[in-house]
Colleague: 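Take a look at the following structure, please.
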Number of protein chains: 2
Amino acid sequence: MMNSTHAHGHGPDLAALAGLLADSTRASFCLALLDGRAWTATELARHAGVAASTATGHLNLLVTGGLLAQERQGRHRYVRLADSDTAALIENLASRAPRRAAPTGSLPAVSRSRALARARTCYDHLAGALGVAITRAMTDRGLLDWERGLTITGDGTAWLAELGITLTPTNRRPPVRSCLDWTERRPHLAGTVGAALCLHAFDAGWITRIGTTRAVAITDTGQRALREHLGLTEDSKHMDSFPQPQCTSS
Amino acid sequence: MMNSTHAHGHGPDLAALAGLLADSTRASFCLALLDGRAWTATELARHAGVAASTATGHLNLLVTGGLLAQERQGRHRYVRLADSDTAALIENLASRAPRRAAPTGSLPAVSRSRALARARTCYDHLAGALGVAITRAMTDRGLLDWERGLTITGDGTAWLAELGITLTPTNRRPPVRSCLDWTERRPHLAGTVGAALCLHAFDAGWITRIGTTRAVAITDTGQRALREHLGLTEDSKHMDSFPQPQCTSS
DNA sequence: AGGACTCTTCGGCACGCGCCGAAGGGACGC
DNA sequence: GCGTCCCTTCGGCGCGTGCCGAAGAGTCCT
């Protein structure tokens, strides 16, 4: 038999951390913050459908728990995910969480969620069908290599340079990272390369935000650029084959 | 303002998944199961210090939630983590969870936890100071490459072959994966390579389990093998430098 | 057959915690 | 100055849920 540490022993307090995300309101906050921006307390409260006072309590928990970073400006309390690691953790969790039954969504709600599934930001990189298609195209063209762990190839860095993207190597965050897409159930590209690519797509006018949501629309310039640089056509974004249905976590 | 999905909209039910781990008893179960073995219900109950009936309820939740797989044999209910992805998820969570204050641990308890910190298994690979030291040594010798995501080099695969380890490529699980060690706070090697290496260490008698815990002891053969194959000496296991204090998540 | 053991179901208890509304403090703008 | 807006604290309500012990079903051993 085992040493009976009686559950209250030494190790990491997993329950405390998980408990932060175990409430539907707090989870809703975190998922909303996955867009990478800073939200005010009332925005989050309204988004989750709770009173402002309730939101305050939840935000206190999340901030002291280290999941969120806050910044006070005048009468506003801005809050965002603590760092990209935290974002990755939440993505990771979300991707393996069960789907919530959509409550007979209204017509505009359906159209919104379809836009979201087509192309969206995921913290600081691209996700949805677009994100997955880009990742697949980059793999097909030998810019990414999945053989022995996900890496960017020499061709890949050259390709980035062609686009005018230069990477400043950080030793804190990996250059490329696989992130399981929760609508596509396939991996898309994250890490500093994924972030830089997303930033470039905004700067070069390939994509624009739809309203103030996480969803993005592909512009005409974007269509041309994707075809030119990656050979991506409209229908190639819905192919089902992917070389490596890679590990969800990493 | 945002589209008010009122928290109960469409996306993944993050709270439900997190809720499974948000209870200290269930968390204790999962952490215990990180040793990669199958435990019986009463073993887990005793480990966590709860009644058998309570354990039954928790196990039902974890199994139907998909985190645990069960197998019934006679009057026993064996239960283990669902797969290596689940193990990776829990590791990941545990590594960023706050530490629980050790309640004035007894003398044997302290010695146990020191053994655990020195060398232990983490699901199916090696962790603790030993796991981290092996990972560092492999990096120093050019067997692993962290430059553009963690990969195993050509030299690395050759080195494995020398040890008599051949990898059967699975497309489900990445060959190498970084796993943040929760005692060392540094990455150690996971993935199929990490698992194969750990298995080899047991088979070749480099290490043996200490009792029935997750802790392992390094044998004399093990000491020699580590020096021969990796240049690892006793004190080189406590150096503080590591090339890439890599991303916690992946 | 009988006894020991593992696991499960059930009823009941009690604590925790998420929720709100009302009231108050601080920042901004007119 | 005053009103408005954003956030916070506080008290109180009610549901959810983790816990146990007792009893029962199924398995194994002698």
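Lettering of chains follows the sequences in order, A, B, ..., and the numbering in each one begins at 1.
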Colleague: Are B:R173 and B:D124 within salt-bridge range, i.e. N to O under 4.0 Å?
Modeller: yes

Colleague: When you measure from the centre of the six-membered ring of B:W182, is the NZ or CZ of B:R120 closer than 6.0 Å and no more than 45° off the axis?
Modeller: yes

Colleague: I'd like to check A:I207 versus A:L126 (side-chain heavy atoms, cut-off strictly below 4.5 Å). Are they in contact?
Modeller: yes

Colleague: Side-chain N or O of B:R77 versus OP1/OP2 of C:dT6: is the shortest distance under 4.0 Å?
Modeller: no

Colleague: Salt bridge between A:E43 and A:R37, side-chain N to carboxylate O under 4.0 Å?
Modeller: no

Colleague: Could you tell me whether the phosphate oxygens of D:dC20, OP1 or OP2, come under 4.0 Å of any side-chain nitrogen or oxygen in B:T54?
Modeller: yes

Colleague: In this structure, how many angstroms lie between the P atom of D:dC28 and the CD atom of B:Q73, rounded?
Modeller: 10 Å

Colleague: Rounded to the nearest Å, what distance is computed from the CG atom of residue A:N60 to the P atom of nucleotide D:dT9?
Modeller: 6 Å

Colleague: Between atom CD in A:Q70 and atom P in D:dC7, what is the gap in whole Å?
Modeller: 11 Å

Colleague: Measure from CZ on B:R72 to P on C:dT6 and round the result to the nearest Å.
Modeller: 15 Å

Colleague: Tell me the interatomic distance from B:Y78, atom OH, to C:dC5, atom P, rounded to whole angstroms.
Modeller: 16 Å

Colleague: Rounded to whole Å, how long is the line connecting atom CZ of B:F29 with atom C1' of C:dC7?
Modeller: 13 Å

Colleague: So B:H200 and B:C198, do their side chains get closer than 4.5 Å, heavy atoms only?
Modeller: no

Colleague: D:dC19 phosphate, OP1 or OP2: any side-chain N/O from B:T25 under 4.0 angstrom?
Modeller: yes

Colleague: Whole angstrom is fine here: how far is it from CG in B:D23 over to C1' in D:dT17?
Modeller: 9 Å

Colleague: Taking for each residue the nucleotide of DNA chain C bearing the nearest heavy atom, is the 5' side occupied by A:R75 or by A:H58?
Modeller: A:H58

Colleague: Please pick, from C:dT9, C:dT6, C:dC20, the nucleotide with the shortest atom-to-atom distance to any side-chain atom of B:H76.
Modeller: C:dT6

Colleague: In whole Å, I'd like the distance from the CG atom of B:L21 to the P atom of D:dT17.
Modeller: 15 Å

Colleague: Among D:dG18, C:dC10, C:dC7, which nucleotide sits nearest the side chain of B:S53?
Modeller: C:dC10

Colleague: Does A:T42 make a side-chain N or O approach to OP1 or OP2 of D:dC7 shorter than 4.0 Å?
Modeller: yes

